[in-house]
Amino acid sequence: MIRSLTQQIVRLAIIATLTGAVAEAQGGAGSDFTGPGGGGGGAGGAIAPIGVPIGPPVGPIAPTGAAAISGAASTFGGAGSGGVSVSNPAGGTVTVPAATARAIGAVLSGGGAPAAQALQNVLVADGVPSGAAGALANALAALGSNPSRANLVAAIEAFNAAIDAGPSTPSPAMLAIRFAIASASR
């Protein structure tokens, strides 16, 4: 079973925080025994973990996240007849059918309500309930149109709700959406 995207992001943030804090403390103190409380690093220190949004979800996302959304929109939107391969968190890769990839690309490119409706239809056909599929498609459309922290958080929450409501094995479409959201979270 796949962990929710929020859990994965939080886990990575904690690991990055602890690793960064220990490395900084060891470098400053010359000690291999300094923990995350020393050296002034980590979440409570003077140096924030790279790529982890700090504070309330306001303002734009990091430039790398905005570029990742644009890149994902381009990659998925330009899918050839063989589709697009994305990594599966459970291992290996999954091929996203070309039509599905293009639907995701259209939403991330700011295709508006028609693109969101097309993606919702794909997700419903994959077993995601209509309400969760619509919320996810609309959240992705908002993220593609306005890559803000608030829209990224909304997309993550909508993705997690769709994962919880959908089939136990996520479809290639859901794995592609996970890829796009995770890329934007960097």
Heavy-atom closest pair, residues [X] and [Y]:
{"X": "Val107", "Y": "Ala141", "answer": "CG1-N, 3.3 Å"}
{"X": "Ala103", "Y": "Val122", "answer": "CB-CG2, 4.4 Å"}
{"X": "Ala155", "Y": "Leu136", "answer": "O-CD1, 4.0 Å"}
{"X": "Met174", "Y": "Phe159", "answer": "O-CE1, 3.3 Å"}
{"X": "Pro167", "Y": "Gly127", "answer": "CD-O, 3.6 Å"}
{"X": "Ala72", "Y": "Ala180", "answer": "CB-CB, 4.1 Å"}

Fill in: Check: Arg102 side chain, Ala79 main-chain N or O, donor-acceptor pair, under 3.5 Å
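Side chain of Arg102 to backbone of Ala79, a donor-acceptor pair under 3.5 Å: yes, one is there.
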Practice prompt. Examine distances only and state if a side-chain atom of Asn151 and a backbone atom of Asn146 form a donor-acceptor pair shorter than 3.5 Å.
Written response: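 Confirmed, Asn151 side chain pairs with Asn146 backbone.
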Rounded to the nearest 0.5 Å, what separation is found between the [atom1] atom of [X] and the [atom2] atom of [Y]?
{"X": "Leu175", "Y": "Thr100", "atom1": "CG", "atom2": "OG1", "answer": "11.5 Å"}
{"X": "Ile69", "Y": "Ser74", "atom1": "CD1", "atom2": "OG", "answer": "13.5 Å"}
{"X": "Ile156", "Y": "Arg178", "atom1": "CD1", "atom2": "CZ", "answer": "11.0 Å"}
{"X": "Ile181", "Y": "Leu143", "atom1": "CD1", "atom2": "CG", "answer": "7.0 Å"}
{"X": "Ser109", "Y": "Leu140", "atom1": "OG", "atom2": "CG", "answer": "11.5 Å"}
{"X": "Leu123", "Y": "Ser130", "atom1": "CG", "atom2": "OG", "answer": "10.0 Å"}

Item to complete: Indicate yes or no: at least one non-hydrogen side-chain atom of Thr95 is less than 4.5 angstrom from one of Pro172.
Response: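 No, side chains not in contact.
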Practice prompt. Apply side-chain contact (heavy atoms from CB on, under 4.5 Å) to the pair Ile104 and Ile177, showing each step before the final yes or no.
Written response: CA-CA 7 Å; Ile104 295 167; Ile177 291 168; 3.9 Å; yes
Practice prompt. For side-chain contact (heavy atoms from CB on, under 4.5 Å), just list the numbers for Asn88 and Phe179, CA-CA rounded to whole Å, side-chain angles, deciding distance to a tenth of an Å, and then say yes or no.
Written response: CA-CA 9 Å; Asn88 184 343; Phe179 171 82; over 6 Å; no
